Amino acid sequence: MAAPVSLQVEFGGGAELLFDGVKKHQVTLPCQPEPWDIRSLLKWIKQNLLKERPELFIQGESVRPGILVLINEADWELMGELDYKLQDQDNVLFISTLHGG
Amino acid sequence: MAAPVSLQVEFGGGAELLFDGVKKHQVTLPCQPEPWDIRSLLKWIKQNLLKERPELFIQGESVRPGILVLINEADWELMGELDYKLQDQDNVLFISTLHGG
Amino acid sequence: PLPARSALSAAEILRYSRQLVLPELGVRGQLRLARSSVLVVGCGGLGCPLAQYLAAAGVGRLGLVDHDVVETSNLQRQVLHGEARRGRPKARSAAAALRRLNSAVQYVPYRAALRPRSALRLVRQYDIVADCSDNVPTRYLVSDACVLAGKPLVSGSALRLEGQLVVYNYRGGPCYRCLFPEPPPPDTVTNCADGGVLGVVTGIIGCMQALEVLKIASGMGSSFNRHMLMFDALEGRFRNIKLRPRKADCAVCGDRPSITCLQDYEAFCGSSATDKCRSLRL
Amino acid sequence: PLPARSALSAAEILRYSRQLVLPELGVRGQLRLARSSVLVVGCGGLGCPLAQYLAAAGVGRLGLVDHDVVETSNLQRQVLHGEARRGRPKARSAAAALRRLNSAVQYVPYRAALRPRSALRLVRQYDIVADCSDNVPTRYLVSDACVLAGKPLVSGSALRLEGQLVVYNYRGGPCYRCLFPEPPPPDTVTNCADGGVLGVVTGIIGCMQALEVLKIASGMGSSFNRHMLMFDALEGRFRNIKLRPRKADCAVCGDRPSITCLQDYEAFCGSSATDKCRSLRL
Ligand SMILES: [Zn+2]
Ligand SMILES: [Zn+2]
């Protein structure tokens, strides 16, 4: 059993509008047999935080195109993407890229 | 005996010009009988880093007026000023306030 | 403050539509901007972008203080003044440029330095003060006047490739003297003429000042009360520094202030507020 | 690039004196600026402050691309265009305003949208490109053109109370497609007309873009190669995010690119580059 994991989950660039406009969420993920990774975090977010129109955030098992995922202020590409194993106190930021000018 | 203390000492706002223009210094303070505090750090800086015109940086046993001291990105007033006991890996920033516009 | 209004005109709704749709501002915030007055102390590198974005956003009245005239060496950063304005007073040059952008704002140019004799009366006429000055005596003068008049002060500064911003005297936070009870020795102070400044650094800090003024005026509150924004342009790095609270023993905003009227700040600082060559010949 | 010059005139030394004294720039850096050409894609909320500070600093040539005309709702943030310019092409309005600030810079207004057919030829004529556009197809078009022409791209964007900045295709770093191989679904994209934007947020990001252009042009290098600056105006907070390196399998800048000439970006993105109402009616 993996211990519960506490995270700061943040949304920005407009992605927060899918979460009642709240940018910062303190999240505690429950114990589960396998370690938490970003893939399972996304499922958890879909079930627990995302109230409506999940297709604006999730596509398949990943985020939709145009959303950057940042783990502790670094691009998730550098960290293993969906397979990154979450550590207690990690900061995970989902940022919608902006196109206005 | 206190263990040696490693610090990042930074200068900015023009204060770096008294230190050969170098803004970031990795500093290891040697073992000494008493714990290192900002008061003793200033003496150490005066003897080891500050090459010329110490009066532009030091006044008495403190910094000259117009220099802000920031310990781990917080005003040293919140941390005990000269009496703050330095911890290993602390960041100490000396910033000259700017007046131009 | 300017008279309160209960509604925006159709022309205003069109003009400000891009900001009216922001839930954080909305019609209510826009009406607050429209009745706000802001005193801009210094129409140079910081004052130009600040006044530009305050005018564009629709504040009610802008006071524009500068004793100086436009010079060629200003044009590298003082973007409201064109080549044709050289030799003209900066306060009036700025007002003319701003009027082209938004004629609905009231502009009040003051072609004089801020002086201890008149500063308090002037500051009392405005809701928010922006310190865009370029010298130490003026910074103490502006801050003391804001404390005595009870006005928030959005203070910016820039030199070489660095900039700083603090909001003073706002919601119980510290004043300039709480941070700097003693002025710096005159020979440690570098101005833009000697030290130089990259123009766009004043642009970035001036815009940040405008943002904080707009947030305060519209009721969003400021992020830089008891915090300093430090900017290093070469590294592209911003830091938010946590500052001390208001000091109970501050000479002007403390519990038993010794300064209850404005002083001689040039003597206090040992330097001039208006000379190109700052050191006082004592 | 423009012809190299070996010295500054006395008038230039006076005009740029405040930045010439900076050791990081100096005469050598100023001469580099003077021979640099910068293509500004979009003369709106980001392009106005960007072009303003590039002109003030003395870059050699500014290309100004915008197909649109000045509208009342632009004036809240597009600070180069005055009330009297409404209905006039933005590219020409910007050039006229900039000429008043610094007549020594060459301004080349292009009153047309950047199009796949002509973008590459245009981009090849400039040293650095600034993406100040407001829609997804143009962002892919500009980036692909910069990769094919081998030019660094300083990209800014703003919406509501937030802004972002990245330097792409610079010193071996990633391109826009490395970060965003697939375009966002059209119905997830919000533009400034729908979402709104606080004008001074475009001011801050546009100034930051100008800073990075000046650092690249003068030889200081950029802080935002492989890094994104994220700005939250409500919190007054900037973050520097570390990004992925160039991707070997990128469709345009990768080791075996599948994109070797410009495409139909409106079809790729499912949205229009020039409509006020962005969705393509397919
Ligand atoms: Zn005080
Ligand atoms: Zn690529």
Side-chain angles (χ1 to χ4, degrees), chain A residues 8-26 38 42 45-46 50-84 90-101, chain D residues 41-47 77 131-139 155-160 162-164 166 174 176 178-185 187-197 201-202 205-206 226-228 230 232 234-235 239-245 247 269 271 278:
Chain A
Q8 172 150 283
V9 176
E10 292 186 75
F11 302 96
E16 74 279 7
L17 299 176
L18 300 170
F19 300 88
D20 291 330
V22 179
K23 289 192 164 182
K24 289 185 189 175
H25 300 249
Q26 293 298 334
I38 298 285
L42 285 172
I45 287 174
K46 187 171 172 181
L50 194 54
K51 300 300 159 57
E52 40 181 339
R53 305 196 66 190
E55 73 280 9
L56 297 184
F57 187 72
I58 305 254
Q59 189 171 98
E61 66 173 3
S62 189
V63 293
R64 66 142 172 96
I67 290 182
L68 274 183
V69 185
L70 305 161
I71 301 165
N72 301 326
E73 313 236 321
D75 190 342
W76 72 334
E77 264 256 339
L78 304 168
M79 318 287 278
E81 298 193 56
L82 291 168
D83 297 324
Y84 172 79
D90 273 349
N91 177 295
V92 184
L93 168 57
F94 298 92
I95 189 109
S96 187
T97 48
L98 309 176
H99 309 93
Chain D
V41 181
C43 298
L46 299 167
R77 67 190 184 286
D131 188 347
C132 303
S133 72
D134 63 352
N135 64 86
V136 185
T138 301
R139 293 193 179 270
S155 180
S157 58
L159 188 69
R160 300 188 191 96
E162 291 184 73
Q164 296 171 355
V166 185
Y176 190 72
C178 291
L179 254 73
F180 307 108
E182 277 183 72
D187 55 344
T188 66
V189 175
T190 310
N191 60 33
C192 290
D194 296 337
V197 65
V201 175
T202 63
I205 299 295
R226 266 195 76 186
H227 284 80
M228 177 185 282
M230 286 178 25
D232 184 318
L234 202 58
E235 290 187 29
R239 300 199 219 197
N240 291 24
I241 299 291
K242 187 170 186 200
L243 298 177
R244 66 198 68 176
K247 295 191 73 171
C269 299
S271 60
R278 296 284 177 204

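The chains referred to below are lettered A, B, ... by the order of the sequence lines, with proteins before strands, and numbering in each begins at 1. Just so we're clear, the structure is a prediction, and the values are computed from it rather than from any experiment. Both backbone and side-chain heavy atoms feed into the values below; hydrogens, waters and symmetry mates do not.
Heavy-atom contacts from other residues, nucleotides or ligands closer than 6.0 Å to NZ of A/Lys46 number 12 or fewer.
Interface remark: of the candidates D/Gly45, D/Gly195, D/Ala158, D/Ala158 forms the most heavy-atom pairs closer than 4.5 Å to chain A. Ranked by heavy-atom pairs under 4.5 Å with chain A, the list D/Arg77, D/Glu182, D/Lys242, D/His227 is led by D/Lys242. Ranked by heavy-atom pairs shorter than 4.5 Å toward chain D, the options A/Asp75, A/Leu78, A/Ile95 are led by A/Asp75.
Here CZ of A/Arg53 is found 6.0 Å from CG of D/Asp187. Values are rounded to the nearest 0.5 Å. Remark: A/Leu70 CG to D/Met230 CE distance equals 6.5 Å, nearest 0.5 Å. Residue D/Leu179 holds its CG atom at 9.0 Å from OG1 of A/Thr97, rounded to the nearest 0.5 Å. One distance of note links CD of D/Glu235 with NZ of A/Lys23; it measures 6.5 Å at 0.5 Å rounding.
Closest of all the heavy-atom pairs between A/His99 and D/Pro184 is CE1-CG, 4.0 Å. Scanning all heavy atoms of the two residues, the minimum distance from D/Pro185 to A/Gln59 falls at CG-NE2, 4.4 Å. The minimum heavy-atom distance linking D/Arg139 with A/Leu98 is given by the pair NE-O, 4.4 Å.
With sequence neighbours excluded, the residues satisfying ring pair (Phe, Tyr, Trp, His ring centres under 6.0 Å) with A/Phe57 are A/Phe11, A/Phe19, A/Phe94.
Heavy atoms closer than 4.5 Å to chain A are found in both the backbone and the side chain of D/Thr188. No part of D/Val197 comes within reach of chain A, as not one of its non-hydrogen atoms sits under 4.5 angstrom from that chain. Both the backbone and the side chain of D/Arg244 come within less than 4.5 Å of a heavy atom of chain A. Looking at A/Leu68, only its side chain comes within 4.5 Å of chain D, counting heavy atoms on both sides. Using a 4.5 Å cut-off between heavy atoms, D/Asn240 touches chain A through its backbone atoms (N, CA, C, O) alone.
Within the 4.5 Å cutoff, the side chain of A/Leu17 has heavy atoms near those of the D/Arg160 side chain.
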